[in-house]
> 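Dumping the structure here so I can ask a few things about it.
Along the sequence shown, residues carry numbers from 1.
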Amino acid sequence: MRAMGQFDVKTLGKVAVLFGGDSAEREVSLMSGSGVLKALLSKGVDAHAFDPSERPLDDLKREGFECCFIALHGRHGEDGTVQGALELLGIPYTGSGVMASAISMDKVMTKRIWRFEGLSTPAWQQVTSAAQTRAAFAALGAPMIVKPAREGSSIGFTKVTSADQCDAAYALAAQHDSHVLCEQFIAGDEVTCPVLGPTEAPESLPVIRIVAPEGNYDYQNKYFTDVTQYLVPCGLPAGEEEAIQALVRKAYQVLGCRGWARADVMIDAKTRTPYLLEINTSPGMTGHSLVPMSAKAAGISYEDLCVRLLQATATDGGVSA
């Protein structure tokens, strides 16, 4: 990415910040997009709010927008659909392209690719019924995580510790997605690591260690409380942070991600093996969000981060800036 000090934001032209949307994560997206819009305006960018749930996307072309900052989360925001629409309109956008966005949104497809590439990820089964969830629990053991395969922000998430919880856990996850993931629980340190840059040469930001009340890093504790601790520097033993950063860069590359993403990792308390959980290709940009926190630790302000991401806007045909 080019040095901020030599970049004229006026060359970005008219910018749409896409936020809101119609996914289960609309509330978080509204917070992310509001922050991004304020930051871009403070840097002199000709930025405008645009909610795809309230306006047709082809208004972007009619109104002369030259690029988009995608601050949408969840379905129709980071699953390749809005990316595909922007490809058809010929408007460059932040973040990964259609294929990488679609794959990364699907936790099962992501894990299949990581496993094929030899990257560590917890054992899992995809299920379509409560009975299959009980069978998965018998195979994977306790505790087991049950969650929708294509949602974020811990929506529909349950940590199952006994077989009699399986039916309710499946029912909750299935409310949000017909594809439900049952995953082996890894006990240990929970960390996250953002990545910036092109697929070929990504840059890892500092690892953040997450310490949530009773290990419960759920939707409420992610966005609406101040009881979760975020440790950066992460305080991990020597060499572990570098190993996690290298693992996350590889995870980003094999999926074909670009622009930015954030991968979540669990470190087994006994073996200290890091296990990839999932990757977010349109991470949160709220007051509680982790990419801005990690960037700040690397000396990158929230405002400069937003501009840097816009500098790297692209379509699948190539980089625009």
Side-chain angles (χ1 to χ4, degrees), residues 25 27-28 31-32 35 73 107 119-124 141-147 151-161 165 169 181 183-196 204-249 251-252 260-280 282-302 305:
E25 297 181 72
E27 186 176 7
V28 178
M31 293 189 290
S32 287
H73 307 312
K107 297 177 182 67
L119 303 182
S120 54
T121 187
W124 80 93
M144 179 180 78
I145 302 302
V146 180
K147 55 189 175 183
E151 282 290 356
S153 295
S154 301
I155 291 170
F157 173 102
T158 304
K159 182 178 178 181
V160 173
T161 56
Q165 297 173 313
L181 171 66
E183 184 177 61
Q184 174 194 20
F185 176 73
I186 304 297
D189 291 323
E190 182 171 5
V191 300
T192 194
C193 181
V195 181
L196 303 178
S204 301
L205 293 179
V207 170
I208 297 175
R209 185 157 56 96
I210 301 164
V211 183
E214 300 178 358
N216 188 23
Y217 191 46
D218 59 9
Y219 183 84
Q220 188 69 20
N221 284 331
K222 281 185 177 181
Y223 299 109
F224 301 107
T225 71
D226 293 309
V227 293
T228 299
Q229 296 181 62
Y230 302 103
L231 304 179
V232 55
C234 60
L236 293 174
E240 280 196 10
E241 180 169 19
E242 292 82 359
I244 289 166
Q245 289 174 318
L247 175 66
V248 168
R249 287 195 301 271
Y252 181 93
W260 68 322
R262 195 198 78 240
D264 299 331
V265 177
M266 289 297 298
I267 305 170
D268 188 290
K270 295 179 180 178
T271 66
R272 304 306 296 174
T273 301
Y275 288 87
L276 292 158
L277 298 182
E278 60 186 82
I279 193 163
N280 300 278
S282 183
M285 290 291 282
T286 74
H288 284 73
S289 292
L290 303 178
V291 175
M293 190 182 303
S294 177
K296 182 179 180 181
I300 306 169
S301 71
Y302 184 104
L305 174 63

> Check this for me, if you would: do R209 and E240 make a salt bridge, where the nitrogen-to-carboxylate-oxygen distance has to be below 4.0 angstrom?
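Result for this pair is no, no salt bridge flagged.
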
> May I have the step-by-step check of side chain to side chain contact (heavy atoms under 4.5 Å, CB included) for K147 and K107, ending in yes or no?
CA-CA 10 Å; K147 55 189 175 183; K107 297 177 182 67; 3.8 Å; yes

> Can you find a heavy atom in the side chain of P122 that is under 4.5 Å from one in the side chain of M266?
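When only atoms from C-beta onward are counted, M266 and P122 do not touch, as no gap falls below 4.5 Å.
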
> With the side chain counted from C-beta on, respond yes when K296 and L305 share a heavy-atom pair under 4.5 Å apart, and no when they do not.
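Of all side-chain heavy-atom pairs linking L305 with K296, none is under 4.5 Å.
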
> Can you tell me how far apart CE (M144) and CD (Q184) are? Round to the nearest 0.5 Å.
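Nearest 0.5 Å value for the CE-CD distance: 11.5 Å.
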
> Is any side-chain heavy atom of I300 closer than 4.5 Å to one of L205?
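A side-chain contact exists here, since the closest heavy-atom pair is under 4.5 Å.
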
> Verify, without hydrogens or angle tests, whether Q165 (side chain) and T161 (backbone) share a donor-acceptor contact under 3.5 angstrom.
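Here the side-chain-to-backbone pair exists.
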
> Without swapping roles, check the side chain of Y302 against the backbone of M285 for a donor-acceptor pair under 3.5 Å.
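Flag set: sc Y302 to bb M285 pair under 3.5 Å.
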
> For residues A169 and V146, report the shortest heavy-atom separation together with the two atoms involved.
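Nearest pair, atom of A169 first, then V146: O-CG1, 3.8 Å.
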
> Do side-chain atoms of T228 reach the backbone of A212 as a donor and acceptor pair under 3.5 angstrom?
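No; judged by distance alone, with no hydrogens or angles, the pair does not exist.
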
> Could you grab the distance from atom NZ of K270 to atom CD1 of I186, nearest 0.5 Å is fine?
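These two atoms lie 11.0 Å from each other.
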
> Measure the CD1-CZ distance between I145 and F185 for me, rounded to the nearest 0.5 Å.
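It comes to 6.0 Å.
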
> If I compare all heavy atoms of W260 with all of Y252, which pair ends up nearest, and what's the gap?
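Heavy-atom minimum between the residues: N-OH, 3.4 Å.
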
> Considering residues at least two apart in sequence or located in another chain, which fulfil the side chain to side chain donor-acceptor pair (under 3.5 Å) criterion with S204?
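Expected list: R249.
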
> How about H288 and V28: do any of their side-chain heavy atoms sit closer than 4.5 Å?
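Result no, sub-4.5 Å side-chain heavy-atom pair not found.
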
> With a 4.5 Å heavy-atom cut-off, do V207 and Q245 have their side chains touching?
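The answer is yes; the side chains approach within 4.5 Å.
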
> Could you check if a side-chain atom of I279 sits within less than 4.5 angstrom of a side-chain atom of V195, using non-hydrogen atoms only?
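The answer is no, as the side chains (C-beta and beyond) never meet within the 4.5 Å cut-off.
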
> Could you tell me the separation between the SG atom of C193 and the CG atom of L247, rounded to the nearest 0.5 Å?
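That separation rounds to 9.0 Å.
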
> Do F157 and E151 make a side-chain contact, defined as non-hydrogen atoms from C-beta onward lying under 4.5 Å apart?
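Not in contact.
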
> Between L290 and I210, is any pair of side-chain heavy atoms under 4.5 Å apart?
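Yes, their side chains come closer than 4.5 Å.
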
> Rounded to the nearest 0.5 Å, how far apart are NE2 of H73 and CG of N280?
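Between H73 NE2 and N280 CG, I get 9.0 Å after rounding to 0.5 Å.
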
> Does the S294 side chain pair with the main chain of P206, one donor and one acceptor, at a distance under 3.5 Å?
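Answer holds: yes.
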
> Any chance you could measure I267, atom CD1, to C234, atom SG, to the nearest 0.5 Å?
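I267 atom CD1 to C234 atom SG measures 7.5 Å (nearest 0.5 Å).
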
> Just by distance, do the side chain of T121 and the backbone of L276 share a donor-acceptor pair under 3.5 Å?
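Present.
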
